[in-house]
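Positions are given from 1, in the same order as the sequence printed here. Owing to the predicted nature of the structure, the values given are computational and were not obtained by experimental measurement.
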Amino acid sequence: MSELKTIRIGGGQGFWGDSPDAAIDMVKNGNIDYISCDYLAELTMSILQRQKNKDKNKGYAKDFLFLFKSILKDCKEKNIKILSNAGGVNVESLAYELKSIAKDNGINNYKIGYITGDNLTDKMQGYISDGYKFKNMDTNQDITEIKDKILNANVYFGREPFLKLLSENANVIVSGRAADSTLFLSPLMHEFKWKDDDLDNIARGIAVGHMLECGGQASGGNYQYDWKNVPNIDNLGFPIAEVSNDKIVFTKTKTSGGLITEESLKEQFLYEIHDPKNYITPDVTADFSKAVINEIGKNRVELSNIRGRKRPEKLKLSIGYNAGYKVETYLNFAWPDAYEKAKLASEIIMKKMKRKGLKAKDIRVDFVGLNALHMQLSDMSKEVLDKQNEVLLRIAIRVEEKEEAQKLIPEISPMQLNGPPGASFFGGRAKIQPVIGLWPTLIPRDMVELNTNIMEVS
């Protein structure tokens, strides 16, 4: 009976560069039906676009290839479906790589689904010429401010293409910038046949995705509450959701370390939630404000009382653009008077930059170990400063022109002999790096034409 049906989904990756170990473990030992792997963020999209600009065959998260190869045979044997947004800005190339891996591993009767249409980079200049403003959500500026600097433009999209490919029995589905939580909602809507107007259940699916999308952050990683006592954190497992029509329970494999507790789930639940009543996604506006999180057993936590409202009329478009260049430089100073030496060195360098006429958009001077993270909230009392064994001076600048960035670099190494005593220079000369800016905006849904494709391995 449908009311007894339970679907188990594993959160396989939290970001591009995450460890594959937990995902491999949950495929082998988690008794899961689906594994969803989130690889993308705004900066990631711009990095991938730069890769594709240099090589038309690149532009996707290559880490996914190793994970796919590692779990493919088990997933095929156990009928575990894989969903991922690892396609970045070159989804089709990733799909062909997956096909090659499947053929090389003797996998037959396998369907690779892939979604295109979310990458609007090549269409942006046409849209701008047609008069579309693409107002910045944060500043209300017009896109003309950066129209000649656009690097990439990618839409956060929702469930529809995933549902279509799941209905066509795709074994793996890869996409570009699908919203993180959509990777988890879509299998649940497919399995339980939730309708588009079943807003509470859709919101429940989004909540599942929100809890799983960051991988180990929900299962003992980055765990503020009791980080010293996370068991076997070297073998950290990632969370698994057991979902039925009336219940959501989070757990993990018995073969992994980490933990699933009320506290670990609450920490993840509050992550990136600006307004609990209005958690906006392409699929639904979720209301988390009255959610209940209860620990019902060891490594078993239930989530309930999620509500949903109508989804937004527009979709979010994240535009990456070239925002100049940056240089980060470092000098280490040893006791005694480590902070005073570092501070004097920074003042010397800044005087030199003034004489050179440095034109900087931003300048940051931090003392790593003292105020680099907490900034003005840091304890900078004399008692604290006098006890420093060492202080790492960091000076970073952002400029419009590469020539301006070059002005800082040759001034750092000479400070070993031309400045306060006890300085050490490491890591070689700093390198000039391009800076990627983010331009968030909204676009009508009908401007986005998403396409679904199936590639078969026979």
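- Arg445 has no carboxylate O lying under 4.0 Å from a charged side-chain N of Glu313, or vice versa, which leaves the two without a salt bridge.
- A side-chain donor from one of Asn222 and Gln217 sits under 3.5 Å from a side-chain acceptor of the other.
- The side-chain hydrogen bond (donor to acceptor under 3.5 Å, both in side chains) check on Asn79 picks up nothing, with sequence neighbours excluded.
- Distance alone, capped at 3.5 Å, is enough to place a donor-acceptor pair between the Ser70 side chain and the Phe66 backbone.
- For the 3.5 Å distance criterion, the side chains of Asn53 and Arg50 fail to qualify, holding no donor opposite an acceptor.
- The salt bridge (Lys or Arg N to Asp or Glu O under 4.0 Å) pairs that include a residue from residues 15-30 are Lys28-Asp74, where partners are two or more places apart or lie in different chains.
- A salt bridge links Asp196 with Arg159: the closest approach of a Lys/Arg side-chain nitrogen to an acidic carboxylate oxygen falls below 4.0 angstrom.
- Note that CD1 of Ile32 and OH of Tyr34 are 11.5 Å apart. Values are rounded to the nearest 0.5 Å.
- Under the 3.5 Å distance criterion, with hydrogens and angles disregarded, a donor-acceptor pair is assigned to the side chains of Asn119 and Thr121.
- Ion pairing of Glu328 with Lys431 is absent here, as no side-chain N (NZ or NE/NH1/NH2) approaches a carboxylate O to less than 4.0 Å.
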Run the numbers on Asp379 and Ser381 for side-chain hydrogen bond (donor to acceptor under 3.5 Å, both in side chains), then give the verdict. CA-CA 6 Å; Asp379 184 352; Ser381 64; 2.9 Å; yes

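- Legend: residues meeting ring pair (Phe, Tyr, Trp, His ring centres under 6.0 Å) with Tyr271, ordered by chain and number and at least two apart, are absent.
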Enumerate, atom names and distances included, each donor-acceptor pair closer than 3.5 Å involving a side-chain atom of residues 361-370, sequence neighbours excluded.
residue	atom	partner	partner atom	Å
Asp362	OD2	Arg398	NE	2.9
Asp362	OD2	Arg398	NH2	2.9
Arg364	NE	Asp366	OD2	3.1
Arg364	NH2	Asp366	OD1	2.7
Arg364	NH2	Asp366	OD2	3.1
Asp366	OD2	Arg394	NH1	2.8

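- With sequence neighbours left out, Asp386 forms a salt bridge (charged side-chain N to carboxylate O under 4.0 Å, His left out) with Lys382.
- Between the side chains of Thr261 and Tyr223, at least one donor N or O sits under 3.5 Å from an acceptor N or O.
- Here the CD1 atom belonging to Ile202 is positioned 4.0 Å from the CE atom belonging to Met189, to the nearest 0.5 angstrom.
- For Lys69, the NZ atom is loosely surrounded, since the number of other residues' heavy atoms within 6.0 Å does not exceed 12.
- The environment of Lys247 atom NZ is sparse: at most 12 non-hydrogen atoms of other residues, nucleotides or ligands sit within 6.0 angstrom.
- Put simply, CD1 on Ile273 and OG on Ser289 are 11.0 Å apart, with the number rounded to the nearest 0.5 Å.
- Contacts of Asn305 classified as side-chain hydrogen bond (donor to acceptor under 3.5 Å, both in side chains), with partners at least two apart in sequence or in another chain: Arg307.
- Side-chain contact, Gln141 with Thr139: a donor N or O sits under 3.5 Å from an acceptor N or O.
- In this structure, a donor-acceptor pair under 3.5 Å is absent between the side chains of Asn235 and Asn232.
- Here the shortest heavy-atom pairing between Asn152 and Asn154 reads ND2-OD1, 2.7 Å.
- Note on Arg311 versus Glu160: salt bridge recorded, some NZ/NE/NH1/NH2 to OD/OE distance being below 4.0 Å.
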Assess whether salt bridge (charged side-chain N to carboxylate O under 4.0 Å, His left out) is satisfied between Glu77 and Lys73, documenting all intermediate values. CA-CA 6 Å; Glu77 180 181 328; Lys73 289 184 178 179; over 6 Å; no

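- Under 3.5 Å, the side chains of Glu272 and Tyr279 contain no donor-acceptor pair of N or O atoms.
- Side-chain polar atoms of Ser458 and Asn109 form no donor-acceptor pair below 3.5 angstrom.
- Residues Asn245 and Trp194 bring a donor and an acceptor atom of their side chains to less than 3.5 Å of each other.
- Between the CD1 atom in Ile112 and the CD1 atom in Ile107 there is a gap of 10.5 Å [rounded to 0.5 Å].
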List the steps, then state whether side-chain hydrogen bond (donor to acceptor under 3.5 Å, both in side chains) holds for Asp118 with Ser175. CA-CA 9 Å; Asp118 61 292; Ser175 74; over 6 Å; no

